[in-house]
Amino acid sequence: MVSPNRPVLLPTLLVLALACWSWQAFVPAPRGVDNLASERVQEQAVTAAAGTVAALGALPAHAVDNPLAHGAPGVMDANELQGWAERASFGGLLVCTLLAWWRGTLGSGQASAQADSGKPPAFWAMAFSNLALVVLLSNRWIESGHFPLSNMYESLSFLAWGVTAVTLYFTATENNNDDAKYFDSKAGGAQAKRVTGDIAAVWASPVALGIVAFAQFSLPKALQKAGALVPALQSNWLVMHVSVVMCSYATLLFGSVLCMAVLALSQPKESPITAIREAVQPALQGLANGLQPQPAVATAGQAMAMTGTTLDAGNTANKKEQDVEAAVTTSAVSVSATNVTVEFSSSSASAVLSEDDQLAITLDDLAYRSLLLGFGFLTIGIVSGAVWANEAWGNYWSWDPKETWALITWLVYAGYLHTRLQLGWDTRESAKIGAFGFLVVWVCYIGVNLMGIGLHSYGFFLK
Amino acid sequence: MAPALPSMAAASLRQPEMQLRAATFSPTQATQAAPARPFTPSVITGGSESSHRRHLPCAVVACLAGTWATRKRRSQVPRLGTLTAGDAETPSNAIEEWLLSLDLPTPLKPVLGSSAWASFAASLVQMFVVAGLSALGTLIEQGESPAFYAQKYPESSGILLMLGFDHMYSCPLFLGLLAWLAASLIACTATTQLPLAKKAQRFSFRSSAAMKRRGSFLMRMNCPASSAGVAATGAATRLLQLREELQGRGFIVRSDDDVNPTQLAASRGLVGKFAPMAVHLALLLTLAGNTVGLVFGSSSEVLVGDGGYADIGKVLDAGRRIKGPLSMLSPNKGLLESTLVRVDDFRIEYKDDGNIDQFYSKLAIEDANTQKELYSDEIFVNKPLRYGGATIYQADWAIDRLQMFINGFPVVVPCKSLPADGGDRSWAAFLPLELVTAKDPAAVKQITKPKEGIVFIVQNMRNVQVYGSDQTLVGVLRSPLAKVDEKLEGMPIQFGQEITVEGGNTLRLDRIVGSTGLIVKNDPGVPLVYAGYALLMPATLLSVLPFVQVWAAINSDDENQILVTGRANRNQLQFEDEMKATVLTIAN
C-alpha cells in the first residue's frame, strides 16, 4: 500500500523547511551592538556544555550495552545520497553546536562585533543540517514509498529536523517585533531577545546533535532500514497523527530545554550550578583572551549611555546616570512637528529587573510560547490518535502505554500552563515543571518502546 | 526635542513589586504582532484588514460557544458607556461584540467547601496524581492473575491487589480520581472562570486619578492646545483619534461621550476569557462520553469461518458491560436483533518477503428472518464496516479448514489451533490414512485405525506442510491463491499445488480457508467524545490569546494631557510595546 499523499506532502515538507531557512531574509538585522548580556550566554553555554558532554559520554556506553549494536559506527546504507545526507546533517549539527558554544563562551567579543552582519554562523550551520535532514527524509520517502515515519530511525531523524526547525523559527522571529522599535529598540528588552536567540542555539543544538547521533550511530542497523508498513499503519492517519505528534515532541523538547536555561540562569548564589559556572568561566575567558585578543567592547554603562534612554536604567551598574535620569522619567519621545510629547513609565517587569532576570524573562517567554505551541500540537496529536484508534483498533482509548504516556505528557504540560495562566507563580517554579517535561517526553517517545509493550510496538496484530 | 516633563511623583508611586511574571506571549503571533505602522496620520485605513486577520480564528470558538449561550441581549439594557461605532464600520469586532453581548449564566457560589477541594492547587495535585497513577499502570503488568503478582511482587502484592492496581485504569481509586477531576472542572468553570468572564464583559471607566494609581504602565501624552491650532479641543481630538486607532487594532471601545469624549475604556481578546471555559467543557464532554461508553457500550469479538454467519445482536449482547436490570436503561438495547453478518470471503495479502500486507474480509449484513441482504462491504484493518449503530472491525484471524482433493475426490479437513509458545501461531489438521488410500473416500464409513494418518501444519495462508504417517515431512502444498514461491534451499523434494503421498496417492490443495476475527462494537459515547475533541482543539489554541484592557482619559489636573494606561493578563511586554506604538501613531 503506497501512501497516496506522497506527492502532496513532499513539497510541503520542502516548503516548510525552506520557509524556516529563508525567514531571515525578511528579518531585519539586529541594530544594537553591545555586549551587555554576553556574559550570560557564556554562563549558559558552560552549563549546557557540562550537561551535554555527560549525555554524549553516555551514548557509546549504551551502544556497548546493547547486544544488537552494530560494528563500526558511521557505516551507512549502500544508498549514497542517504549517506551524504546523514553525514551532512550530523556534521552540520556538530559544527552548529561548536559554533554556538564558541559564540557563547570564547567568541563573545567577536560575536558582538559581528552582530550587524545578521545571523550568527551557528544559525546557518543549523539551517544547513535542517536541509540535510529534509534531503534524508525525502530520500527515504521516495525509496520506501510511504511517509518516512514508520521506524525509530526515521522518526528520530524527523524529530531532529523538528527541533532544528523550531529553533530556527523562534530564533529568526525573536527579533521581529515591529512595535518595540518605536521606543527602545536598543534598550535592554530587544537586546535580551537577541541574546535569547544565542542561548536557544546553545541549548537546542546539542539536543538535535544527540538525537541525530543516536539515530545514526547507536541504533542497531536493522532498525535503520526502511521497512514496510504493518497493516495497522496503512492509513492516511499515519501521516497526520505521527507528524503532528513528532512536531509536538520537537516543540516541547525545545521549550523544556529553554526552561532548563531559565532555571540555570536563576540559580541562587549558593547553588552548585552557579559554583561550576563561576569556576569554569574565568578559565574559559583566559583561554579566549590567550587565543585571540578581545576587541574593545563598550561596557554596560557606556552602552546604556549611547542608547539615549534609560528604560532599563535599573539594570546597569552605572549608578550616577541612573540617579540623574531614572528619577526624571523612564522614557520619553517627542514628536517635534506638532510639539506633542509622550512619556512612558512602566511598573512592569522590564523596568527594574536585574540583567539576569531580564534575560530570564525573555528566555522564559520564548519557552512559554514554544510550550504553548507544542501543547496545541500534542492535543491535536492525541485527538487524531484517538480517532485513528477508533478506526483501526475499535476503541478510541485503550490505555495502551504510549497513549497513557502521551496523556501524562499532556497533563504535565497542562499543569505547567495552568501555573503560568492562572496562578501568580514565579516563572522559575513553572520552569521546573517545564524542565521536568523534558524527561516525560523522552519516556513517552523512547521509554515506552524500550518497554516493548503495547500496540505502538508495531507488531500487535500477530500476537 | 521637547524636554520630558517631570513625573517624579507618579514614577515613585508606581514602584513595582519584583515579580518575574509578566513576560507571556501567545504562540499565534500573527494575531498579536500588530503590523508595522509608519509615522503617518493615515492610520485607520490599514487597521480593519489587519484586525480581520486577527479575529478570524475566533469565529470557530464563537460558533461553538453559541451552542450553550442562551440568549442575546444586545438590544436590551445598554451597558455602561455608549457604542462608539456601528458594526458596519468595524465588522472585525463583531465576534468580540457578540461575546460581549452574551448573557452568561449566573456563577455559582462555592458550595460544600468547593473553594478548597476544587481550588487550583487541589486540581494541580489531582492532575499530577492521575498522571502518576497512569505511569504506574504502564509499569505494573495489567490484568494478570493474583498468583502472578504474588510471585513478581512478593512484598507488595497484597496492597497492589487491594488497591486494584492490577487493573489500574478501571480500579475504583482511579475512576474516583477522574470523577473528582471532573467535579473540579465543573466547580472551577462555574465558580471561578464564569465570574472572570462576566467581569471581563463589563466596561468601567477609570478616572485620571485612578489611572495614576493603578495599571501596569502609564503614558502621558502632552498636546499643547496652542500648537496645532485646534484650540482647547486638542486633547479631546487626540482622544477621538485614539478611539479610532484602538478600534483599528481590534479593540472594543466605549467612551463616556460620543462626540466629546473625556474617558475611554477598551478591551480586546474576550475570546481568551471564554476559551478556557470551552476547554473545560470539552474535557467534560469527553469524560461524559467515556462514562456513557463504559456503562452502555458493548464490544465483543467473534471468530467466523469463511462462509459462516454470526448474529450481530447476540454478539453485541455478549459484549455488554452492564448486565441485569440496569441494562434496561441502555439506549442500545436490542440493537440489530436478528441481523446476521455473513463472511463471504477472508483473505490475507502477502508481500513478496512473506510478511503480511493486509487482511481483507468481505462481509454482508443480512436479515435473519427474510434472508435479505441489507448491506455489504469489504473491510480491512483501518477500514471498519458501520451498519445500524454497530461497527465491525477486522481484528484477528485463524485457519479454519483445508479444501483439497485426494486422487481427485474432494475432501474438507478441519484445522485446530496449536498452542503457540511465543513463536508464530500455527494450526494442524489430521487426515486418516484410510481415507487417503481408499479408492473412493466417500465410501469409507468408519475409521478403524484413528492413529494413522497424514498431518498438516498450517502457519499462513500460503502453504501447508504435509507430514506422512511415518511422521516425516513429505512436502509442502502451495495454495493456488498464493503468488508462486521460489523453492528455497533445504526444502523437501516435493513442493507445489499437488504432491504425492503414501505410495502414489496424490494430494491437491484447493484452498486454505481462514476464519476472520471480527470485533463488533457499539459505543453510544463516541459522539460525545468526538464533540469534546472537536471543541478541545480550537479552544486550546484560542485560550492562549491575551485579554487586554486599555483606559484613556484627559488628565483632570491638566486638560492638555491625555493619560493612557492598560493591563494585559499575559503578554505584558508586547502589549506595552503595542500601546507605545498606538499612542505614537496618534501623537504624530
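Just so it is clear: chains get the letters A, B, ... in the order the sequence lines come, proteins before strands, and each one is counted from 1. As a basis for the values below, the full set of heavy atoms in this structure was taken, side chains included, without hydrogen atoms, waters or symmetry mates.
Within the 4.5 angstrom heavy-atom criterion, atoms from both the backbone and the side chain of A:A414 approach chain B. Neither the backbone nor the side chain of A:V440 comes within contact range of chain B; no heavy atoms are under 4.5 Å apart. Contacts between B:T540 and chain A at a heavy-atom distance below 4.5 Å involve the side chain alone, from C-beta outward. For B:D523, the part sitting under 4.5 Å from any heavy atom of chain A is the side chain, from C-beta outward, and nothing else.
With chain A as partner, the option from B:T286, B:V529, B:I519, B:I392 having the largest number of non-hydrogen pairs under 4.5 angstrom is B:V529. When the candidates A:V387, A:T409, A:T379, A:N395 are compared by the number of heavy-atom contacts under 4.5 Å with chain B, A:V387 comes out ahead. Across B:N290, B:I562, B:T391, B:V526, the residue that shares the most heavy-atom pairs under 4.5 angstrom with chain A is B:N290.
Rounded to the nearest 0.5 Å, atoms CD1 (A:I382) and CE (B:M537) are 11.5 Å apart. Rounding to the nearest 0.5 angstrom, the gap separating the OG1 atom in B:T138 from the CG atom in A:D400 is 10.0 Å. With rounding to the nearest 0.5 angstrom, the CH2 atom of A:W399 is 13.5 Å from the NE2 atom of B:H167. Note that CD of B:Q142 is 9.0 Å distant from OG1 of A:T404, once rounded to the nearest 0.5 Å. Atoms CG and CG, on A:L411 and B:L181 in that order, are 7.5 Å from each other to the nearest 0.5 Å. With rounding to the nearest 0.5 Å, the separation of SG in B:C188 from NE2 in A:H418 is 6.5 Å.
Within 6.0 Å of the CZ atom in A:F436, the count of heavy atoms belonging to other residues, nucleotides or ligands does not exceed 12.
Defined by atom type and a distance below 3.5 Å, a donor-acceptor pair is missing between the side-chain atoms of A:W237 and B:N382.
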Stepwise side-chain contact (heavy atoms from CB on, under 4.5 Å) test for A:N390 and B:K521: CA-CA 10 Å; A:N390 200 29; B:K521 195 196 79 169; 2.9 Å; yes
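Taking all atoms of both residues into account, the shortest heavy-atom contact from A:A386 to B:Y533 is CB-OH, 3.5 Å.
Under the 6.0 Å cut-off for aromatic ring centres, B:Y169 and A:W397 do not qualify, their centroids lying 6.0 Å or more apart.
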